[in-house]
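For reference, the structure discussed in these notes is given below.
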Amino acid sequence: MTGGTTIAGVRIPDSALAREATALVREVASPLLFDHSRRVFLFGALRGTEQGLDYDPELLYVGAMFHDLGLTDRFARTDQRFEIDGADEARRFLEAHGITGEPAQRVWTAIALHTTPEIPLHMAPEIALVTRGVELDVLGIGYHAVTDGQRAAVVAAHPRPDFKNGILAAFTDGIKDRPDSTFGTVKADVLAHFVPGFERGDFVEVIQGSAWPE
């Protein structure tokens, strides 16, 4: 799909920035992650319309397209959460295109918090809608908030064959070399299921074992 396409009544942004974002993600991400990222934008936009939110489509698009860049070989690091990898790259990308300050930080926050339950939903529309899109596509949260026809149109444009198993494999591959970064996050569940020998960090043990005498 190229820029300017309309899917399920949602127009894909067609600016130079959006086209470059599309090209970058298509180049570095697997087809599974590319299609997932586009669905996150489309489902996020549909949820935004349903909720009557006033959002910037271009910022939402970059947030959605870049949200899983931390799972790709080019942008994955091992010293921080994968969400921050994508957030950092999105901010650099936006600043290189003259979008700085609060708007760039808004996209950074949308990506950094997209796996954090509840909190993003109480923030700026673009932040909330990246999370809404991720939750719908990955977890099925809000599945019935879009119509059957809208859902079918999105999946026809960006199919999801064996997506549940595929995205879990992508999560595992992207974070298995930085297990400590999953402390206190939903991604610890992924490693617990798929990485033999993984042991979760324990919040209570951290408190009890801290340097404080009591």
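The figures here come from the full heavy-atom set of this structure, side chains too, leaving out hydrogens, waters and symmetry mates.
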>> As a quick check of understanding, evaluate side-chain contact (heavy atoms from CB on, under 4.5 Å) for Val107 and Phe66, giving each step before the final call.
In response: CA-CA 9 Å; Val107 175; Phe66 281 48; over 6 Å; no
>> Please determine whether the number of non-hydrogen atoms from other residues, nucleotides or ligands lying under 6.0 Å from atom CD of Glu199 exceeds 12.
In response: no
> Got a second to check how far Asp79's CG is from Asp180's CG, nearest 0.5 Å?
Replying inline: 12.0 Å
> Mind checking whether Pro13 and Phe41 have side chains closer than 4.5 Å, heavy atoms only?
Replying inline: yes
>> Evaluate Arg91 against Arg106 for side-chain contact (heavy atoms from CB on, under 4.5 Å), listing each step before the verdict.
In response: CA-CA 9 Å; Arg91 183 162 54 193; Arg106 200 184 323 156; over 6 Å; no
> Side-chain heavy atoms under 4.5 angstrom apart, residues restricted to Ile, Leu, Val, Met, Phe, Trp, Tyr: same cluster for Ile127 and Val138?
Replying inline: no
> Is the number of heavy atoms from other residues, nucleotides or ligands under 6.0 Å of Ile119 CD1 greater than 12?
Replying inline: no
>> Nearest 0.5 Å, please: how far is CD in Glu27 from OG1 in Thr22?
In response: 12.5 Å
> What closest approach, in Å, do Glu83 and Ala112 show between heavy atoms, and which atom pair accounts for it?
Replying inline: CB-O, 3.7 Å
>> When you measure from the side chain of Asp68 to the backbone of Leu71, do you find a donor-acceptor pair of N or O atoms at a distance under 3.5 Å?
In response: no
>> I need the minimum non-hydrogen distance between Thr5 and Ile7, along with the two atoms involved.
In response: CG2-CG1, 3.7 Å
> Which pair of non-hydrogen atoms, one from Arg151 and one from Val146, has the smallest distance, and what is that distance?
Replying inline: NH2-O, 3.4 Å
>> For a side-chain contact (heavy atoms from CB on, under 4.5 Å) check, start with the C-alpha distance between Arg77 and Asp88, then their side-chain angles and the critical distance, and finish with the verdict.
In response: CA-CA 11 Å; Arg77 293 170 49 168; Asp88 286 348; 4.3 Å; yes
>> Is there a path of hydrophobic side-chain contacts, each under 4.5 Å between heavy atoms, that joins Leu24 and Leu17?
In response: yes
>> Could you check whether any side-chain heavy atom of Val154 comes within less than 4.5 Å of a side-chain heavy atom of Val10, counting everything from C-beta outward?
In response: no
>> Can you confirm whether Leu113 sits close enough to Thr131 that some side-chain heavy atom of one is under 4.5 Å from a side-chain heavy atom of the other?
In response: no
> Hey, does Arg178 have a side-chain heavy atom less than 4.5 Å from the side chain of Phe82?
Replying inline: yes
> Given the rule that I, L, V, M, F, W and Y join up when any side-chain heavy atoms are under 4.5 Å apart, are Leu121 and Leu46 in one cluster?
Replying inline: no
> Looking at Ala87 and Ile111, what are the two nearest heavy atoms and their distance?
Replying inline: N-CG2, 3.4 Å
> Is it true that the side chains of Glu20 and His97 contain a donor and an acceptor less than 3.5 Å apart?
Replying inline: yes
> What is the distance from atom OG of Ser15 to atom CD of Glu58, rounded to the nearest 0.5 Å?
Replying inline: 3.5 Å
> Going through the distances and angles, do Ile175 and Leu191 end up as a side-chain contact (heavy atoms from CB on, under 4.5 Å)?
Replying inline: CA-CA 8 Å; Ile175 61 178; Leu191 297 187; 3.6 Å; yes
>> I'd like to know if Glu95 pairs up with Arg92 as an ion pair, taking the criterion as any Lys NZ or Arg NE/NH1/NH2 lying under 4.0 Å from an Asp or Glu carboxylate oxygen.
In response: no
> Can you tell me how far CD1 of Ile12 sits from CZ of Arg19, rounded to the nearest 0.5 angstrom?
Replying inline: 13.5 Å
>> How long is the straight-line distance from CD1 of Ile99 back to CG of Asp56, given to the nearest 0.5 Å?
In response: 7.5 Å
> Counting N and O atoms only, with roles assigned by atom type, does the side chain of Thr147 sit under 3.5 Å from a partner on the main chain of Gln150, one being a donor and the other an acceptor?
Replying inline: yes
>> Keeping Ser30 on the side-chain end and Leu33 on the backbone end, is there a donor-acceptor pair under 3.5 Å?
In response: yes
>> For Asp73, I'd like to know if atom CG has over 12 heavy atoms of other residues, nucleotides or ligands within 6.0 Å.
In response: no
> With a 4.5 Å limit on heavy-atom distance, are the side chains of Arg132 and Phe43 in contact?
Replying inline: no
>> Run the side-chain hydrogen bond (donor to acceptor under 3.5 Å, both in side chains) test on Arg38 and Tyr61 for me, step by step, so that the C-alpha distance in whole Å, both residues' side-chain angles and the decisive distance to 0.1 Å come before the verdict.
In response: CA-CA 8 Å; Arg38 293 270 285 205; Tyr61 188 71; 2.8 Å; yes
> Would Leu60 and Leu53 show up in the same hydrophobic cluster when neighbours are defined by side-chain heavy atoms closer than 4.5 Å?
Replying inline: yes
> Any donor-acceptor pair under 3.5 Å linking the side chain of Thr185 with the backbone of Ser181?
Replying inline: no
> With no hydrogens and no angle check, is any side-chain donor or acceptor of Arg39 less than 3.5 Å from a backbone partner on His158?
Replying inline: yes
> Of all heavy-atom pairs between Val25 and Phe34, which one has the smallest distance, and what is that distance?
Replying inline: CG1-CD1, 3.9 Å
> What are the two closest non-hydrogen atoms of Val130 and Gly63, and how far apart are they?
Replying inline: CG2-C, 4.0 Å
> Are side-chain heavy atoms of Leu94 and Trp108 found at a separation under 4.5 Å?
Replying inline: no
> Would you say Val40 and His114 make side-chain contact, with heavy atoms under 4.5 Å?
Replying inline: no
> Do His67 side-chain atoms and Ala64 backbone N/O form a donor-acceptor pair below 3.5 Å?
Replying inline: yes
> Under the 3.5 angstrom rule, does the side chain of Arg160 hit a backbone N or O of Leu32 as a donor-acceptor pair?
Replying inline: no
>> Donor-acceptor pair, distance only, cut-off 3.5 Å: does the side chain of Arg74 make one with the backbone of Val28?
In response: no
> Given side chains that start at C-beta, do those of Ile207 and Trp212 come closer than 4.5 Å, heavy atoms only?
Replying inline: no
> When rounded to the nearest 0.5 angstrom, what is the spacing between OG1 in Thr109 and CD in Glu102?
Replying inline: 8.5 Å
> Are Leu139 and Val190 connected in the hydrophobic side-chain network, where two residues link if heavy atoms are under 4.5 Å apart?
Replying inline: yes
> Would you call Asp189 and Arg200 a salt bridge, taking side-chain N to carboxylate O under 4.0 Å as the test?
Replying inline: yes
